**Student:** 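I have a structure I would like to understand better, so I am pasting it below and will then ask my questions one at a time.
These numbers come from the heavy atoms of this one structure, side chains and all, not from hydrogens, waters or symmetry mates. Values in this document were obtained by computation on a predicted structure and should not be read as measured data. Indexing begins at 1, ligand by ligand and atom by atom, following the structure's order.
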Amino acid sequence: QFHMIKYEDLRWCESLGQGSFTRIFKGSKIDIRDGERHVTDVLLKELDANHKNCWESFFEAASLMSQISHKHLLLVYGINVMVQEFVKCGALDLFLKREGSVSVSWKLDVAKQLASALNFLEEKNITHGNICAKNLLLAREGDASQGSSPFIKLSDPGINVAMLVVLDRIPWVAPEVLEAPERLELECDKWSFGATLWELFNGGQAPLQGLDLERKLQFYETYKQLPSSEWTELADLISQCMNYQPAFRPSCRSIIRQLNSLITSDYVILHAAEPLPD
Ligand SMILES: N#Cc1ccc(Nc2nc(N)cc(-n3cnc(CCO)c3)n2)cc1
């Protein structure tokens, strides 16, 4: 399901940093279509040498994403190196840390786009497995004064990853996944959605930042919730998503309905600018 890209058609440009076991570079892809030469900006994501063994799950994740298409799902062109469409403004967590002054309605717009991507995956009974702000890419920054809204692309599914990586994903990964990492169900994405919503409303800060693995595991063992927002309706939605009983987590339709009522609440008007992170 991938059309082949030849190595000589790729150009590596500057390094954009590295994830846990990958390195990412800005690059360009050369296509010759009907005699014309087209150069496309791409993101080149390499699996680093000593993680070649994770190749099959890397491949499986990429091929899963290449079989479906949706406006809020990232386009993946190829696999030996994962060649992704280059998304203009990069990862959302870094953007929020840099910007820090986006409005509540901007955040709710992003949350709704993520919920619609999840709804699409839920309808296809596909679990993403790695929902977090780092994997939300900002294709358009959006500028309220120009009336343009943000536009996000969800990237990098995290299906069947090793336990070590699962532990590294607390508190985005649902508690039940620690018991059975191979049983990734749709409800797991609801839990991660809650944690991502928390990041969105806390300036891109990672939840449980700085806690060691021991304390992160205790967070689950003692059924803790993330520090709740002063906005009770938002805090309610986050804790519904992060319910320790998977079956009690809301459906995507319910999440979208609740986001719509948050958008119309007077809290948005009162907080048109960025309130201090609670
Ligand atoms: N300054 C800057 C800047 C950096 C990057 C992009 N573009 C882009 N496009 C993608 N397809 C994927 C990513 N990406 C970023 N971090 C990860 C790892 C976590 O997922 C993936 N970035 C645009 C601007």
**Student:** Test of understanding: given a 4.0 Å heavy-atom threshold, classify the contact between K153 and ligand 1 as side chain, backbone, both, or neither.
**Tutor:**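 K153 to ligand 1: no contact under 4.0 Å from either part.
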**Student:** Distance alone, cut at 3.5 Å: any donor-acceptor contact between the side chains of Q240 and D236?
**Tutor:**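 No donor-acceptor contact under 3.5 Å links the two side chains.
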**Student:** Using a distance-only test with no angle check, is there a side-chain donor-acceptor pair under 3.5 angstrom linking N260 and K112?
**Tutor:**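 Yes, a side-chain donor-acceptor pair sits under 3.5 Å.
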**Student:** Can you tell me the protein heavy atom closest to atom 3 (C) of ligand 1 and the distance?
**Tutor:**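 It is G90 CA, 4.2 Å.
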**Student:** Using distance alone, with no hydrogens and no angle criterion, decide if T22 and Q18 have a side-chain donor and acceptor under 3.5 Å apart.
**Tutor:**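 There is no such pair (donor and acceptor under 3.5 Å, judged by atom type) between the side chains of T22 and Q18.
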**Student:** Which heavy atom of the protein is the closest neighbour of atom 2 (C) of ligand 1, given with residue, atom name and distance?
**Tutor:**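 Protein heavy atom at minimum distance: L16 CD2, 4.8 Å.
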**Student:** What is the nearest protein non-hydrogen atom to atom 16 (N) of ligand 1, stated with its residue, atom name and distance?
**Tutor:**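 Ranked first by proximity to atom 16 (N) of ligand 1 is I24 CD1, 3.4 Å.
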**Student:** Decide, yes or no, whether a salt bridge links R183 with E185 under the criterion of side-chain N to carboxylate O below 4.0 Å.
**Tutor:**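 Salt bridge present between R183 and E185.
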**Student:** What heavy-atom pair brings C132 and T196 nearest, and what distance separates the two atoms?
**Tutor:**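 Closest pair (atom of C132, atom of T196, distance): CA-OG1, 3.3 Å.
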**Student:** What about V177 and M242, same hydrophobic cluster or not, with Ile/Leu/Val/Met/Phe/Trp/Tyr joined at side-chain heavy-atom distances under 4.5 Å?
**Tutor:**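 Yes, it is one cluster - the side chains of V177 and M242 are joined through contacts under 4.5 Å.
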**Student:** Taking distance alone, with N or O pairs closer than 3.5 Å, would you say R98 contacts ligand 1?
**Tutor:**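 N/O-N/O distance under 3.5 Å: no.
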**Student:** When you measure from atom 5 (C) of ligand 1 to the protein, is at least one non-hydrogen atom found at a distance under 4.0 Å?
**Tutor:**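 Yes, because at least one protein heavy atom sits under 4.0 Å from atom 5 (C) of ligand 1.
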**Student:** Quick one: which ligand 1 atoms are inside 4.0 Å of a heavy atom on Q84?
**Tutor:**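 Per the distance check, 10 (C), 11 (N), 12 (C).
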**Student:** Where is the nearest protein heavy atom to atom 7 (N) of ligand 1: which residue, which atom, and how far?
**Tutor:**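 Ranking protein heavy atoms by distance from atom 7 (N) of ligand 1, first comes V87 O, 2.7 Å.
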**Student:** Near K88, which atoms of ligand 1 are under 4.0 Å from a heavy atom of that residue?
**Tutor:**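 Matching atoms, with element in brackets: 23 (C), 24 (C).
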**Student:** May I ask you to list the atoms of ligand 1 that are less than 4.0 angstrom from any heavy atom of L43?
**Tutor:**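 So the answer, numbered in order with elements, is 8 (C), 9 (N), 10 (C), 11 (N), 12 (C), 13 (C), 22 (N).
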**Student:** Which atoms of ligand 1 have any heavy atom of L137 under 4.0 Å away?
**Tutor:**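 Within the 4.0 Å cut-off of L137, ligand 1 contributes 10 (C), 11 (N), 12 (C), 13 (C), 14 (N).
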**Student:** Can you tell me which residue among W198, F248, Y244 is in a ring pair (Phe, Tyr, Trp, His ring centres under 6.0 Å) with W191?
**Tutor:**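 Among W198, F248, Y244, the one that satisfies the ring pair (Phe, Tyr, Trp, His ring centres under 6.0 Å) with W191 is Y244.
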**Student:** Salt-bridge test for K45 and D156: reply yes if a basic N is under 4.0 Å from a carboxylate O, no otherwise.
**Tutor:**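 Looking at K45 and D156, the cut-off is met.
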